[in-house]
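The structure under discussion appears below in the form of structure tokens.
Chain letters run A, B, ... following the sequence lines, proteins first and then strands; every chain starts at 1.
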Amino acid sequence: MTALRQPGPASAGVLWRRTVPVWLVLLGLLGLTLALAYQPLGRLAGPVALGIAALKAMVVALWFMQLRRPDPLLRLAASVSLVWVAFLFALTLSDLLTRTAVQVRS
Amino acid sequence: MSQAHPALREPWRSLHRQRQGASFGIWVFLASEVMFFAGALMVFGMLRLQHPAGFLAAARATDIWFGSVNTAVLLTSSLTMAVASQAAEAGLRRLALRCLGITALLGLAFLVVKGFEYRADILGGLVPGPTFRLEEPAAQLFFGFYWALTGVHAVHLTIGIVAVAGLAWRGWRGTLPLASPAFEVTALYWHLVDLVWVFLYPLLYLPGRSG
């Protein structure tokens, strides 16, 4: 039976100490993006907000979703969707952003 | 032959392989979810590029406090979900069950806050149609996406709450061994629902605040 047990943490305390800092980083990033939303960043506002969201997503994926563990199968399965999403965005935006004149009806 | 582990199911020969198979399966499903939401967000982004003024005015009309509080609630639920999953793996039964309960309650809290927000939105004339309050026509496009995206997210979260509550119930009754991969699989789904909101928040609530 003992061989089936995963080598997990010894106690609840260890587990909380390992996980709460990740949560604090996430809340910090939430506070940062909220504060920056009220700053006059102009055209940078969108990219900054989405960049912080991507950072939060990376923290959640690596620590909460355990992608830090060296498991190539899971890392591949998790990242392959991003490849398709990258195709979707690249092809759509390469059309949209290179049109000569976008007619906007007001 | 030693006796099979109670969490072991057909056709797996070892608990380790079973866990790997379950995690791989849920990750493939989550990848399909990522592509589903990315497609919707792509169209949202296209329309935002074509109607910047209308989308900024519309985003300013959303309630940033409801949105921010709910973001914090979901991030906290991901903390308790992560602890629950790791506690189950480590055989810490009480901690796992407690954290599952808190996670389900935080999910419910999110839906309650969202309900109050929806009520304020409906009373404030933010439903596209003849009673829509904002003047820019593109603002109706924004709110079409607001209702669809937050609605689909709420459906996902509801499924998550049912799954987490079910785990807690079966774990408490003792019908589900802590070594079962169900804890890890449910946790991964929960975190993805959290991640979807992490991207909805800056797209729906943050734009247009500084102007």
A:Leu36 vs B:Leu206, test: side-chain contact (heavy atoms from CB on, under 4.5 Å). Steps then yes/no.
CA-CA 9 Å; A:Leu36 284 176; B:Leu206 295 182; over 6 Å; no
Any chance you could lay out the side-chain contact (heavy atoms from CB on, under 4.5 Å) test for B:Leu200 and B:Tyr146, step after step, and finish with the verdict?
CA-CA 9 Å; B:Leu200 290 185; B:Tyr146 168 85; over 6 Å; no
For B:Leu203 and B:Arg48, run side-chain contact (heavy atoms from CB on, under 4.5 Å): C-alpha distance rounded to whole Å, both residues' side-chain angles, the deciding distance at 0.1 Å, then the answer.
CA-CA 10 Å; B:Leu203 288 171; B:Arg48 181 177 157 169; 4.3 Å; yes
Report the C-alpha distance between B:Leu74 and B:His153 in whole Å, list the side-chain angles of each, state the deciding distance to 0.1 Å, and finish with yes or no for side-chain contact (heavy atoms from CB on, under 4.5 Å).
CA-CA 12 Å; B:Leu74 265 198; B:His153 177 264; 3.8 Å; yes
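Contacts with chain A were tallied for B:Ala138, B:Pro207, B:Ala87, B:Ser78; B:Ser78 has the most, counting heavy-atom pairs under 4.5 Å. Interface remark: of the candidates A:Gly31, A:Gly42, A:Ser81, A:Ser81 forms the most heavy-atom pairs closer than 4.5 Å to chain B. When A:Leu26, A:Leu74, A:Leu82, A:Val22 are compared by the number of non-hydrogen pairs under 4.5 Å with chain B, A:Leu74 comes out ahead. With chain A as partner, the option from B:Leu41, B:Leu192, B:Val34 having the largest number of non-hydrogen pairs under 4.5 angstrom is B:Val34. Highest contact tally toward chain A, considering only B:Arg209, B:Glu33, B:Met46, is held by B:Arg209 [criterion: heavy-atom pairs under 4.5 Å]. In terms of heavy-atom pairs under 4.5 angstrom with chain A, the leader among B:Val28, B:Ile26, B:Thr71 is B:Thr71.
If you look at A:Phe87 and A:Trp84, their ring centroids are closer than 6.0 Å.
Inter-residue side-chain proximity for B:Trp172 and B:Leu100 is flagged as unmet; no heavy-atom pair is nearer than 4.5 Å. The shortest side-chain heavy-atom distance between B:His51 and B:Phe142 does not fall under the 4.5 Å cut-off.
Counting all heavy atoms, side chain and backbone alike, B:Ser68 lies closest to A:Leu34 at OG-CD1, 3.6 Å. Shown here for B:Ala154 and B:Leu111, the closest heavy-atom pair between the two residues is CB-CD2, 4.0 Å. Nearest heavy atom pair, residue B:Ala61 against residue B:Leu126, reads O-CD1, 3.7 Å. Nearest heavy atoms, A:Phe64 versus B:Ala82: CD2-CB, 3.6 Å. Residues A:Ala12 and B:Leu95 share a closest heavy-atom pair of CB-CD2, 3.6 Å. Contact between B:Asn70 and B:Lys114 at its shortest, heavy atoms only, is ND2-N, 3.7 Å.
Contact of A:Leu29 with chain B is not made at all, since no heavy-atom distance falls under 4.5 Å. For a residue to count as touching a neighbouring chain, one of its non-hydrogen atoms must lie under 4.5 Å from one of that chain's; by this rule B:Tyr201 touches chain A with the side chain only. Of the two parts of B:Ser32, neither the backbone nor the side chain holds a non-hydrogen atom closer than 4.5 Å to a non-hydrogen atom of chain A. With a threshold of 4.5 angstrom between heavy atoms, B:Leu75 approaches chain A through its backbone and through its side chain. Both the backbone and the side chain of B:Leu79 come within contact range of chain A, with heavy atoms under 4.5 Å apart. When heavy atoms are compared at a cutoff of 4.5 Å, A:Leu67 approaches chain B solely by way of its side chain, counted from C-beta outward.
Near-neighbour residues of residues 179-190 of chain B relative to chain A, defined by a heavy atom under 4.5 Å from a heavy atom of that chain, comprise B:Glu184, B:Leu188. Contact annotation for residues 45-52 of chain A against chain B (heavy-atom separation below 4.5 Å, listed by residue number): A:Gly46, A:Ala49, A:Leu50. Contacts from residues 55-63 of chain A to chain B, taken as heavy-atom pairs separated by less than 4.5 Å, involve A:Lys56, A:Ala57, A:Val60 in sequence order.
Using a cut-off of 4.0 Å between Lys/Arg side-chain N and Asp/Glu carboxylate O, B:Arg60 and B:Glu136 are scored as not salt-bridged.
Residue pairs meeting the salt bridge (Lys or Arg N to Asp or Glu O under 4.0 Å) criterion with at least one member in residues 72-96 of chain A, sequence neighbours excluded, are A:Asp95-A:Arg99.
Taking CE from B:Met42 and OG1 from A:Thr92, the interatomic distance works out to 4.5 Å, rounded to the nearest 0.5 Å. We find the CG-NE2 distance between B:Leu8 and B:His16 to be 13.0 Å, quoted to the nearest 0.5 Å.
No more than 12 heavy atoms of other residues, nucleotides or ligands lie within 6.0 Å of CZ in B:Arg17, so this atom counts as exposed by the packing criterion. Atom CZ of B:Phe116 sits in a sparse spot, with 12 or fewer heavy atoms from other residues, nucleotides or ligands closer than 6.0 Å.
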